[in-house]
Amino acid sequence: MCAQNSLKMENNKLAVGLDIGTTKIVAMIGRKNEYGKLEVLGIGKAKSLGVKRGVVNNITQTIQSIQQAVDEAQSVSGKMIDDVVVGIAGQHIRSLHHSDYITREKSDVVIDDTDIENLVGQVHKLVMLPGEEIIHVLPQEYKVDSQPDIKEPIGMYGGRLEANFHVVVGQVSSIRNIGRCVKSAGLALADITLEPLASASAVLSQEEKEAGVALIDIGGGTTDLAIFKDGIIRHTAVIPFGGNVITEDIKEGCSIIEKQAELLKIKFGSAWPGENKETEIVSIPGLRGREPKEITLKNLSKIIHARVQEIIEHVYLEIKNYGHETQKGKLIAGIVLTGGGSQLKHLRQLVEYITGMDVRIGYPNEHLAGDSDEVLSSPAYATAVGLLMEGLEKQAKEETRVEEEPAPLEQEPEMKVPSEEEELKEEPLEKEEPRKPKSKSFFEKFTERFKEFLDNAE
């Protein structure tokens, strides 16, 4: 029994991030070291065969890829993986803004977690399009009675509690398919996180989030956007184009196979056509005894430039729709590029040119322990690092919740002493039941409902 407990304690300190991308599936297992930095114990990578534009379109192949990545991470780290924090993205994700309010019966009692929960619960009842479900309800700012721009209303007095919300919506079937793949791969779902939020945790600083910043995560199948201002997420969007579309264009434009197109993009690709001279030529071996093909690098970068420009213009339109050009919504910290696609040569300069904003490449190395493998600090692993961080954060919250749990029981007799009526006696008891979930994020509740669905589906 004692050995079992110590094993549980050991496992509690570990977390696993599972990034199910269009190009690759990454399983990352790690823990926090004594300095609070991320120590990655093992990483597993597999080619993603059953995912297109962030959406699972072949269950069997996705399960195999997940198992391959997890097996590799387990053999490298020597640890067993039971549950994972999974990221969701894909072209089915959309966001909307919504305002809602509740009228409190007792305005002479301070606002607490229950009021916030009631307000958020009201937003969860919004009627969505058929087949869609609310994934995330993110409060922006609150209004108590007629006092606007309140960041934290808990502890204040007021009769009417109002808030603006950023609501993230996704297709139920797409989310369930991811859950089914994870479960069929023999893993439990510890948590589900929106991938742009995970990437943001890994590469953005708190100062940037305060000043206003747009995170552009260029993946294989999709480009994810997350906009922060005053430390709060203000806008999210998923553009259904990524690095794979650029490879496809090179394949078509140069009449070569996909593998060669991908290699060309990585080795010689540039987003700035003026960089290459007409005389710079690369020779591609011909197929099965055919003559080799000669491709000018100028032509290659023209193909890349056209597609990258289209992707960036899509993203910039979203940034403008959010309100970047207004005084209040100005993103002072500019743009942070991350994801595998951000490694394209001269992309930063092109984004600066198109948007006129400051741009930097986001590396997740700030949160990694000093002796970490250099490969891990690549922007391609930003989402996996972010998911791992989310997993460890969730565990830390649960530990503090367990530590704090006995406190209400000790206080209960004291609370009963001054109460005169039976109703007042029952009040703490009524609150006692939802006390545990009260501090849970709405994502955790969604995960629980989702787990129930998967169990019932069997």
Side-chain angles (χ1 to χ4, degrees), residues 87-89 93-102 111 113 115-124 126 134-144 147-156 158 161-170 191-217 224-238 315 318-336 338 357-358 362 367 382 386 389-390 393-394 397 439-446:
I88 49 167
I93 302 284
R94 67 182 185 95
S95 62
L96 54 109
H97 288 274
H98 176 71
S99 294
D100 221 319
Y101 74 93
I102 55 165
I111 295 165
D113 285 330
D115 296 306
I116 305 287
E117 206 162 286
N118 290 342
L119 181 55
V120 171
Q122 209 153 287
V123 180
H124 271 285
L126 274 177
I134 292 174
I135 300 168
H136 224 357
V137 173
L138 301 154
Q140 304 280 281
E141 57 268 303
Y142 296 90
K143 192 174 176 183
V144 177
Q147 190 181 339
D149 298 331
I150 294 166
K151 280 192 177 180
E152 184 54 271
I154 290 173
M156 296 178 79
L161 177 64
E162 198 176 332
N164 292 325
F165 292 97
H166 179 71
V167 184
V168 181
V169 181
D191 207 354
I192 308 172
T193 300
L194 197 63
E195 290 202 347
L197 299 186
S199 305
S201 306
V203 301
L204 296 181
S205 68
Q206 194 51 43
E207 288 86 356
E208 283 176 317
K209 288 180 183 177
E210 287 289 339
V213 67
L215 177 80
I216 303 173
D217 185 346
D224 303 335
L225 171 72
I227 295 175
F228 291 83
K229 178 82 178 173
D230 301 326
I232 299 164
I233 185 146
R234 301 290 181 181
H235 187 70
T236 49
V238 177
V315 177
E318 288 284 348
I319 294 171
K320 285 199 276 197
N321 287 346
Y322 145 76
H324 160 66
E325 288 172 332
T326 63
Q327 192 58 43
K328 197 182 172 195
K330 196 161 177 63
L331 304 176
I332 298 162
I335 290 170
V336 176
T338 194
M357 296 163 79
D358 287 336
H367 302 283
M389 286 167 65
E390 297 273 335
E393 221 166 275
K394 183 175 182 272
K397 276 181 195 166
S439 50
K440 284 184 184 178
S441 75
F442 312 111
F443 233 140
E444 287 174 64
K445 288 184 182 172
F446 171 74

Less than 4.5 Å apart, side chain to side chain, heavy atoms only: is that true for [X] and [Y]?
| X | Y | value |
| --- | --- | --- |
| His324 | Ile227 | no |
| Ile116 | Leu161 | yes |
| Leu331 | Met357 | yes |

Is it the case that the side chain of [X] and the backbone of [Y] share a donor-acceptor pair, with hydrogens and angles ignored and the cut-off at 3.5 Å?
| X | Y | answer |
| --- | --- | --- |
| Glu208 | Ser205 | yes |
| Lys209 | Lys229 | no |
| His97 | Arg234 | yes |
| Glu210 | Ile232 | no |

Nearest atoms (heavy-atom pairs only) where [X] meets [Y]:
| X | Y | answer |
| --- | --- | --- |
| Val144 | Gly158 | CG1-CA, 3.8 Å |
| Met156 | Glu152 | SD-O, 4.1 Å |
| Ala214 | Ile319 | CB-CD1, 3.9 Å |
| Ala382 | Ala202 | O-CB, 3.3 Å |

How long is the span from the [atom1] atom in [X] to the [atom2] atom in [Y], to the nearest 0.5 Å?
| X | Y | atom1 | atom2 | result |
| --- | --- | --- | --- | --- |
| Ile111 | Ile150 | CD1 | CD1 | 7.5 Å |
| Leu225 | Ile335 | CG | CD1 | 8.5 Å |
| Leu215 | Thr338 | CG | OG1 | 6.5 Å |
| Glu318 | Ile216 | CD | CD1 | 11.0 Å |
| His124 | His136 | NE2 | NE2 | 9.5 Å |
| Thr193 | Met389 | OG1 | CE | 11.5 Å |

Please walk me through it: do Glu390 and Asp191 pass side chain to side chain contact (heavy atoms under 4.5 Å, CB included)?
CA-CA 9 Å; Glu390 297 273 335; Asp191 207 354; 5.6 Å; no
Parallel under 30°, tilted from 30 to 60°, perpendicular over 60°: which one fits the rings of His235 and Tyr322?
tilted
What's the verdict on side chain to side chain contact (heavy atoms under 4.5 Å, CB included) for Asp224 and Ser199, showing C-alpha distance, side-chain angles and the deciding distance?
CA-CA 9 Å; Asp224 303 335; Ser199 305; 5.9 Å; no
Does the side chain to side chain contact (heavy atoms under 4.5 Å, CB included) test come out yes or no for Asp230 and Lys151, once each step is laid out?
CA-CA 10 Å; Asp230 301 326; Lys151 280 192 177 180; 4.0 Å; yes
For residues Asn164 and Ser99, is any side-chain donor paired with an opposing acceptor at under 3.5 Å?
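Distance-only check passes for Asn164 and Ser99.
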So does Lys330 have more than 12 non-hydrogen atoms from other groups sitting under 6.0 Å from NZ?
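No, the 6.0 Å shell around NZ holds no more than 12 heavy atoms from other groups.
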Using the side chain to side chain contact (heavy atoms under 4.5 Å, CB included) definition, which of the options Thr236, Ile135, Val123 pairs with Val167?
Val123
